[in-house]
Protein chains: 2
Amino acid sequence: MKEKLKEHIENLIALTDDEFLHILSHFSFENYKKNDFLIQEGEQVKNCYLVVSGLLKLVYDDKNGKQHIVSFAMEDWWESDFSAYFSQTKAKMSLQCIEDTIVFSLSFKNYQKLSAELPKMNCFFLEKSNSGHIASQNRILSFLTSNAKEKYEQLLKQYPLLFQRVPKTLLASYLGVSRETLSRLSS
Amino acid sequence: MKEKLKEHIENLIALTDDEFLHILSHFSFENYKKNDFLIQEGEQVKNCYLVVSGLLKLVYDDKNGKQHIVSFAMEDWWESDFSAYFSQTKAKMSLQCIEDTIVFSLSFKNYQKLSAELPKMNCFFLEKSNSGHIASQNRILSFLTSNAKEKYEQLLKQYPLLFQRVPKTLLASYLGVSRETLSRLSS
DNA sequence: AGTCGCGTGTGACATACATCACTAATTGTA
DNA sequence: TACAATTAGTGATGTATGTCACACGCGACT
């Protein structure tokens, strides 16, 4: 399993074996079952997570009790309620397992320690943050330019796997349309 | 004007005078008029920009010739078509002045040079990227949870200034509603 | 002074989508 | 095996918002 983390980081920056062991010591390896929460709305956000296998949803529950999916997180993705993580405040969103999921977990303290001790990790985090930012911007564009059907098609094109792994209800909640509307798109 | 850049960076990381001069030499200082383009869709994206004063819009033109505003950029904001900037490809979006605007410009080459020579700049860029990412996520949430009126009110609350500086038509295009609908919200 | 362009408001109408209600297939499990 | 829970499809109806059309005020420029 360590290999996974090593590969993942070495995709972006070169590491000596010592450096990797040092990095590894800052992470913890965790196992979750379907429906488990990694982050619960209202609680302190201590960690961010790298998904090794499985599938997570980052959800916001609005005042009417309706769930909105801000993001799916699959293999090789970093996820957290980053707003709360970086400011060390309470979570506005929840992070929950759609499938059994294995993650590497990085506490905020260890994150700070790591970037201080090994500056090149900042390069790594920067690349990750940039991709996240760009992905979000594309999603915004999709909201601005597309109707339900187009958004659905874009999603399928971008993540063909997702479609078999998650109930349509969740896809609808990610796209911002009702499950009934989504259902009618296929026909 | 150099002061502005110095303050802006020192908000996040400490700098010696020498370090700042070194940083400064990587930037260029530029002046644009209302309606000028900093980035034109289809062209190579060479720079990203820190807005010193003025106001920019990051726009996407869809296949029907309709304009969609992905982002406004005001004082102290970094903006570019980051997707194209980091991958050094053609712009999918345009960056254009809503008002006369003064910026510091950083070429991709100089960006790379700077982060190699002065690793702590990566901390700075990382913080900026994170805020961008979080802002985009909030915008997505707004699309998921809110109708036209709520989105408009959230925008006014977040940027009370904007409302006096830009035509309603542009606000509508940012919110993803027609100008007519936006107009009817006030009454 | 007059003309033009731009931003804005507003009525009439069209439509994409939400909501509610019901049914049915599938899955997990007592 | 049977029962509840989850997921999905679909009809009827309501509504928020888009689209088209036109009018008005206002600043810029000749």
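The chains referred to below are lettered A, B, ... by the order of the sequence lines, with proteins before strands, and numbering in each begins at 1.
Applying the 4.0 Å criterion to OP1 and OP2 of C:dG9, one finds that B:Ser183 has a side-chain N or O inside that range.
Atoms CG (B:Asp62) and P (D:dG18) sit 14 Å apart, rounded to a whole Å. Summarising the geometry, the separation between CD on B:Gln67 and P on C:dG7 is reported as 11 Å, rounded to the nearest angstrom. Counting to the nearest Å, the P atom of C:dG28 and the NZ atom of A:Lys33 are 14 Å from each other. The CD1-P distance, from A:Ile98 to D:dT6, rounds to 15 Å in whole Å. Rounded to whole angstrom, the span from the CD atom of A:Gln164 across to the C1' atom of C:dT26 amounts to 18 Å. The CG-P distance, from B:Leu185 to D:dT17, rounds to 7 Å in whole Å. Rounding to whole angstrom units, CG of residue A:Asn35 and P of C:dG28 are separated by 13 Å. The NZ-P distance, from B:Lys34 to D:dG27, rounds to 13 Å in whole Å.
Between A:Tyr111 and the choices A:Phe86, A:Phe27, A:Phe104, the ring-ring contact (aromatic ring centres under 6.0 Å, His included) rule is met once, by A:Phe86.
Residue A:Lys66 is in sugar-phosphate contact alone, with no base atom involved, counting any heavy-atom pair closer than 4.0 Å across all strands shown.
Taking CD1 from B:Ile98 and CE from B:Met74, the interatomic distance works out to 9.5 Å, rounded to the nearest 0.5 Å. Taken from CG in B:Leu56 to CD in B:Gln96, the straight-line distance is 9.5 Å, to the nearest 0.5 Å.
Closest to the side chain of B:Arg184, out of C:dT10, D:dT17, C:dT19, is C:dT10.
Using a 4.0 Å cut-off on heavy atoms, the residues of residues 168-180 of chain A that approach DNA chain D are A:Lys168, A:Thr169, A:Arg179, A:Glu180, listed by number.
Looking only at side-chain heavy atoms (C-beta outward), B:Ile39 and B:Tyr49 come within less than 4.5 Å of each other.
A:Trp78 and A:His8 have tilted rings, their planes meeting at an angle from 30° to 60° on a 0 to 90° scale.
Within a 6.0 Å radius of NZ in A:Lys6, other residues, nucleotides and ligands contribute more than 12 heavy atoms.
Cation-pi geometry between A:Arg139 and B:Phe143 is not met at under 6.0 angstrom from the ring centre and within 45 degrees of the axis.
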